[in-house]
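The figures here come from the full heavy-atom set of this structure, side chains too, leaving out hydrogens, waters and symmetry mates. All ligand and atom numbering here is 1-based and tracks the order in the structure.
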Amino acid sequence: MSLKRVGILTGGGDCPGLNAVIRGVTRSAIIGHEAEVIGIEQGFEGLIFDRHRKLTIAETKDILPLGGTILGTTNKGDPFQYRQFDKDGQLTTQDYSQRTIENLKRLDLDCLFVVGGDGTLRLGYKFFEMGFPVIGIPKTIDNDLAGTDYTFGYQTAVQVACDALDRLQTTGESHQRVMILEVMGRDAGWIALESGVSGGAHVILIPEIPYDLEKVLEKIRLRKEGGSPFSVIVVAEGAKEIGKDVITSATASTRLQGVAQLGGVGGYIAQQLSDRIDLEVRCTVLGHVQRGGTPLSFDRILGTRLGTQAVEAAAQGNLGTMVALRSQEIILIPLKSLAGITRKVPEDSQLVRTAESIGLCLGR
Ligand code: F6P
């Protein structure tokens with residue numbers, strides 16, 4: 001299939017490596033196929049409001065080390081239920097799908113590359129089912145997408161969290177304190193687990209293994225009795241205590257997104273521990289620091305490979321698919337197969353067992 005005109009959008013939360021994908025798609029479509037490349041701005045919002053621009057090799061020059069996405073993104077741009085506040089401050093939901101379809105038809109793309117996490121990919125599949133040529137490219141720092149071994153952005157986020165743990169170790173040891181680091185990941189514990197193992201945390205709490213506070217206290221006490229009166233805990237934002245719910249908050253911006261914001265479990269545990277031990281406890285919430293900034297080379301390479309392979313898949317007519325990393329190779333899987341599946345840490349996975357075999361506490 002000859003590619004005359006392709007489009008690309010980045011949707012959902014940003015992550016390091018998005019610009020490598022945009023560059024990979026743009027360069028390979030132009031160099032390999034002499035195609036025109038259209039960059040849709042702010043995810044699906046750009047399709048609703050017809051905001052896009054032509055991408056050239058010159059425009060994607062020097063963007064590899066850049067964090068974020070040169071196209072912009074949003075996680076509240078669903079054309080089927082677009083949320084906004086009206087002039088009285090009331091939340092309204094509008095169906096903009098018809099105008100999105102008209103804008104898409106006018107763009108006349110041979111393929112739209114949809115770069116995003118589960119929500120964005122689900123939207124991409126919806127448009128594919130309506131007859132538009134779509135290929136998905138998986139993205140998220142959470143590494144929780146089904147079908148791919150890794151998502152780009154994840155390794156950078158883990159490294160940021162690992163660096164933070166290294167720093168918390170030294171100040172924690174100097175002051176003989178319990179230092180808690182809350183990291184992102186939504187309902188998956190990948191960032192907490194891998195940063196915890198690589199950053200030498202003594203306790204790792206992940207959503208997949210509800211924690212028993214007594215086990216955490218026991219670990220801290222044993223360390224103190226053994227001559228180490230400090231401990232470092234990494235906790236995933238989606239972690240929860242046995243029998244309790246995950247901690248969320250609902251702000252105006254989360255009402256716009258339609259999903260609750262996770263976070264606060266680090267502070268909750270700090271309070272629980274402070275009431276039970278005679279050590280000072282401090283909590284750091286790493287937040288969006290994990291999403292910003294320059295990508296590691298791993299994420300640049302993965303982004304470049306996924307972007308270029310997506311263009312090849314389009315040229316071969318393999319639409320309605322997602323490019324994925326499987327055992328070092330980029331493969332294609334049906335976009336359909338991803339629906340509603342979150343890839344979580346198996347609670348008996350080798351890395352969980354490795355962590356426990358070297359004496360780390362996983363709260364059980
Ligand atoms: O999915 C990526 C992620 O960073 C999650 O780890 C986190 O819960 C969420 O996005 C935060 O979203 P927002 O940017 O809307 O605060």
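- With a heavy-atom cut-off of 4.0 Å, Leu262 does not touch ligand 1 at all.
- The side chain to side chain donor-acceptor pair (under 3.5 Å) test with Asn103 is passed by exactly one of Lys105, Arg99, Arg106: Arg106.
- Residue, atom and distance of the protein heavy atom nearest to atom 15 (O) of ligand 1 are Gln257 NE2, 2.9 Å.
- Residue pairs satisfying the salt bridge (charged side-chain N to carboxylate O under 4.0 Å, His left out) criterion with at least one member in residues 216-245, sequence neighbours excluded, are listed as follows: Lys224-Asp278, Glu241-Lys244.
- Looking at Gln261, Lys76, Glu237, Met184 and measuring to atom 8 (O) of ligand 1, the nearest heavy atom belongs to Glu237.
- Heavy-atom proximity to Ile141, at under 4.0 Å, picks out these atoms of ligand 1: 4 (O).
- At the shortest separation from atom 13 (P) of ligand 1 among protein heavy atoms lies His288 NE2, 3.5 Å.
- For ligand 1, the atoms lying closer than 4.0 Å to a non-hydrogen atom of Asn75 are 15 (O).
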### Task
Kindly determine whether Asp299 and Thr156 satisfy side chain to side chain donor-acceptor pair (under 3.5 Å), including the steps that lead there.
CA-CA 7 Å; Asp299 289 329; Thr156 305; 2.5 Å; yes
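- Contact atoms of ligand 1 toward Gly185: 6 (O) (distance under 4.0 Å to a heavy atom of the residue).
- The cationic atom of Arg51 (NZ for Lys, CZ for Arg) does not lie both less than 6.0 Å from the six-membered ring centre of Phe49 and within 45° of the ring axis.
- Side chain of Thr92 to main chain of Asp86: no donor-acceptor pair is present (N/O by atom type, distance under 3.5 Å, no hydrogens or angles).
- In this structure, His202 and Phe230 have perpendicular ring planes: the angle between them is above 60°, well past the 30° mark.
- If you check which protein heavy atom lies closest to atom 2 (C) of ligand 1, you get Asp142 OD2, 3.4 Å.
- A continuous path of ILVMFWY side-chain contacts below 4.5 Å connects Ile31 to Leu55, so both sit in one hydrophobic cluster.
- Atom 3 (C) of ligand 1 has its closest protein heavy atom at Arg291 NH1, 3.5 Å.
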